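For clarity, every value in this text was computed on a predicted model and none was experimentally measured. Reminder, nothing fancy here: chain letters follow the sequence lines and each chain counts from 1.
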Amino acid sequence: MLLEPGQQAWCWSKHKNERNMNDIRILLAGNPNVGKTTLFNSLCGVHQHTGNYPGVTVEIKEGKRQVNEHSITVSDLPGTYSLSAFTPDEQVARDALLTSRPDAVVQIIDATNVERNLFLTTQLLEIGIPVVIALNMCDLADEQGITIDAECLEKNLKVPVVRIVARTGEGIEELVDTIIRVTSSKTPGNPRELEYSHSIATHVTEIGAFLGSHTSLPGNLSPQYAAIRLLEGDECLEKTLHDQGLVIPFIDTSDPAERDGIAEDILLARYHLAEEITTCSVRCTMGRVMPADLIDHVLTHRIFGIPIFLSCMWFAFQLTFSAANPFLVGIEQIFGYFTEVMNSIDMDPFVRSFLADGVIGGVGSVLVFVPNIFIMFLLLSILEDTGYLARAAFVMDRLMHSIGLHGRSFIPFLIGFGCNVPAIMATRTLQSRADRIITIITIPFMSCAARLPVYILFAGVFFGAAAGNVIFFLYVLGILVAVLSALIFRRLVFKGEPSPFIMELPPYRRPSGYAAALHMWYKGREYLKRAGIVIFGGVLVVWALATLPAGVEYGSAESLAGIIGEAVQPLFAPLGFNWQLVVGLIFGFIAKEVVVGSLGTLYGGEEMLESSLAADPTLTPVVALAFMVFVLLYLPCVAALGVIRQEMGSWRWTGIAIGWGILMAYIVAYIALHAGSFIIGA
Amino acid sequence: MVPLSLMRTGDKAVVRAIQGTGHLAKTLGQLGIIIGIELTVIQKANQSVIVRIGESRYALGAGAASMVLVEAQK
C-alpha cells in the first residue's frame, strides 16, 4: 500500500524501548481467514503473506505505524476462534491477549459472516482492554447482498466499529484514528456485558471475591474475568492457581458434570448474544446463492476427491521441476564459467582451491536449489489462497486416518517434499501432541528437494534410461516408510485414535498473484537465510577436511575426511559403501545436497564426478541403489534437526526421531542391496 | 436422533446432543456446532461430512461426525 506523507512504516523483530504517552501497542485478533494479515500489511506497510489455510500466522509478527506524534505498534496474532487454547498457535494468541496488556485489541470481523465472528468478540469484551471492531470485506458483503448496520452493531457492542476493506486499504485511516482516540482515554470504556444466568453470576461473584482477596492474578487479570475463565474451563489458569496452593470454591469442589454444565451455559450465553446482535444489525437482501456448495461437492467427492487431488499434486510437481529447469541450467553455466575464470588466473594453488572448490562450489550448491524451492512455495501459496488445501485435507483425512494420522498432518507432508524445515513448523496446527510427534517423526521420510541431486547423480550414472523410474521409486519408498513408521508409533507408542478431524473450510477466493509472489519471496528468503548459511558453511568444512592436513592430495585417503571415512567405513561394509560414500553421508548431515558436493571433492572435481563414479570398481548399481535409499531415510539435515528439537520441545523425542531414521535407513538399504542383487542375479 | 455421520448430502438437521466431553465437545463448541443449531449436509464421503452452518463450512471426520447427534428436518 502507499503511505501518506508523514507516515513511516517498517517491521522489526521484538525489541523493547522506552514507552511514552504517544506509544500505542495494539493486538490484531480474529478468526482464521478474516483478513488479519492483510490488515496487518495495510497498517504497517509490510506485505507478507495472507493465508487461507487456518494457522498460517504461527508466530506473532510485529509492525509499526507512525501517525503524527503517535507511534503504533501492531502485533498480528494467530487466527483463533475463541480464547480457549487447544493448539499451540491458539495458545500464542491467548497468552498475548491475556498477559501482554496491550493498549487496545482490534478484532477483525468478516462482514460476510458476522455472527460466527461475534463469538470471539463476546470473549474479548470481557478481558478489560479497549476493543475496536474492524468490519472487513465490506465489499464482498455488499456483493452478496448483506447489509450491516454498523451503528447498530456499535450501539449493541458498545465499542467502536469501523468498516474497512483491508485488501484495498479502504477505511484504514479511520481505523487508525479510532485506535488513537480509544487508547488516549486509557480506560476500557464500557463494553456490552454478557447476561449470565443467576447461578453463573453467583459463581462469578463468589469466585471473583475469593480471588480478589487471596491472590494476585497473572497478567493483571481482573478477579471477575479470571472467575469467568475458570468457569469456562481455562486449564492453564487453573493450574497456575493450583501451583500457588489455592483451593478455589466451586472449581475445586463441584463434580465435573456440574462444571461442564456451567461451561456449556456460558458458551450458550455467548452464542445467544452473538445471535441477538446479528439479528438486529445484519440484513440479507438477496436470495442466497451457494456456488461454493457445488464446487465443494465435486472437489471433496467420495470417489473423485482423491484423483482430483493427486492430479493437482502431479501437475504442481511437474510444473515445479520443468519451470525450475531453465534456471538450474543457467545457474550451472554461470558457476562453470566462474570456475574456469579461477583456473585461468595465476595464483597460489591453495588460494585457488579455496576460491574455486570452497567458495564458488559452496555458493553454487546453495543456489542450485533456489528455483525449485521458490516455485514450490509459489504453487503451495496459490493452492492455499484459493481455499483448496483445506478441502484437500478433508479428502486425505480418511487415508491419513487409516494410518493413524490426522487429516491435517497431510499439509506438512506435502510441504515436506519441498523442504522438511517449514513442514515440521507447519505441524503446529495439530491439536494433539501425539499427532504432532508422529507427524514430525515421519516428515523426514518425505524426500525433500535437497535429496534430488543425489538421486539424479547416482541414478543417472548407474541406471541410465531407467533413472526416472528409480527416482520415482525412491519417492514412493519414502512414503511407504513414513506410513509404516506412523503405524508402528500409533500402534505401539501412542495407542488410540488420532484426534478427531474438525476444520473450518475457508470460502473460495481468487488467489492474488501478487500476494502469492510475495509469499514465495518471504518464504524463499527465509529458507535461503536459514539453509544457505548452513549449507555454505558445510561446504567450506568439507573443503577444509579434504585439504588438511596441509600438503596431502586433495580429498585423498590421507586427508582428514579420508581418515574419518575409513575409520567409520566398517560399520557400513554390510551395505557395500566405500569410504568416500561414508564421508559423503557424514557431510550430508549438514544438508543432503552436500553429499554430491563432497563426493565431487573426494573424487577430485565435480566435472569428472560422473565418470569417476562409473569407473570405481567398488560401486555397482545395487550399491548405488542402497546408497540412495540410505540418503533418503537416514538423518534430517542440521536445519531440520534444529526445528525438530524446537517443535518437539524435548531432546528425548528428538533423539528418538534421529535414531528411528538411522535404523530405518540401515534396514531398508540392506534389504534394497540384497533384493537388488537377487533380482539382478536372477 | 441419529449421528451426523449417517445423514445424507442435502439433508438439513438440528443438533440435539454432542456425545463425549473434553476437547471434542469444546472444539465443536468454539466452532459454533452447539445444541440447537441448524446445519445442512453439503458433502458426504463415507462417514465424513461437510456441513454448512450459516455462512461457515466445517469438515468433520468420521469420528467427530459420529459424536454429533442430530434430528433430521424436513
| When B:Leu28, B:Ile35, B:Ile37, B:Ile34 are compared by non-hydrogen pairs under 4.5 Å with chain A, the top option | B:Ile34

| said: With chain A as the partner, which of B:Ala59, B:Gly63, B:Ala45 has the greatest number of non-hydrogen pairs under 4.5 Å? | reply: B:Ala59

Starting at [atom1] of [X], measure out to [atom2] of [Y] and round the result to the nearest 0.5 Å.
X: A:His297; Y: B:Thr9; atom1: NE2; atom2: OG1; value: 5.5 Å
X: B:Leu31; Y: A:Arg116; atom1: CG; atom2: CZ; value: 5.5 Å
X: A:Asp110; Y: B:Glu55; atom1: CG; atom2: CD; value: 8.5 Å
X: B:Ile50; Y: A:Met503; atom1: CD1; atom2: CE; value: 10.0 Å
X: A:Ile295; Y: B:Gln43; atom1: CD1; atom2: CD; value: 13.0 Å

| Looking at A:Asp296, A:Leu294, A:Leu505, which hits side chain to side chain contact (heavy atoms under 4.5 Å, CB included) with B:Ile42? | A:Asp296

Select one option (side chain, backbone, both, neither) describing which atoms of [X] are under 4.5 Å from chain B's heavy atoms.
X: A:His301; result: both
X: A:Arg391; result: side chain
X: A:Glu264; result: side chain

| task | Name the region of B:Thr40, side chain, backbone, both or neither, that has any atom closer than 4.5 Å to a heavy atom of chain A. | result | neither

| query | Measuring heavy-atom distances to chain A, does B:Val49 have an atom under 4.5 Å in its side chain, in its backbone, in both, or in neither? | reply | backbone

| Donor-acceptor under 3.5 Å (B:Tyr58 side chain, A:Ile502 main chain) | no

| task | For the pair A:Tyr271 (side chain) and B:Gly29 (backbone), establish whether a donor and an acceptor sit closer than 3.5 Å, ignoring hydrogens and angles. | result | yes

| message | Tell me if the CZ atom of B:Arg16 is crowded by more than 12 foreign heavy atoms within 6.0 Å. | response | yes

| task | Tell me, yes or no, whether the heavy-atom count around A:Glu235 atom CD, taken from other residues, nucleotides or ligands under 6.0 Å, exceeds 12. | result | no

| task | Output, in order, the C-alpha distance, side-chain angles, deciding distance and verdict of side-chain contact (heavy atoms from CB on, under 4.5 Å) for B:Gln30 and A:Leu267. | result | CA-CA 8 Å; B:Gln30 60 163 275; A:Leu267 186 81; 5.5 Å; no

| remark: Among A:Asp397, A:Leu268, A:Asn31, A:Thr300, the residue with the most heavy-atom pairs under 4.5 Å to chain B is A:Thr300

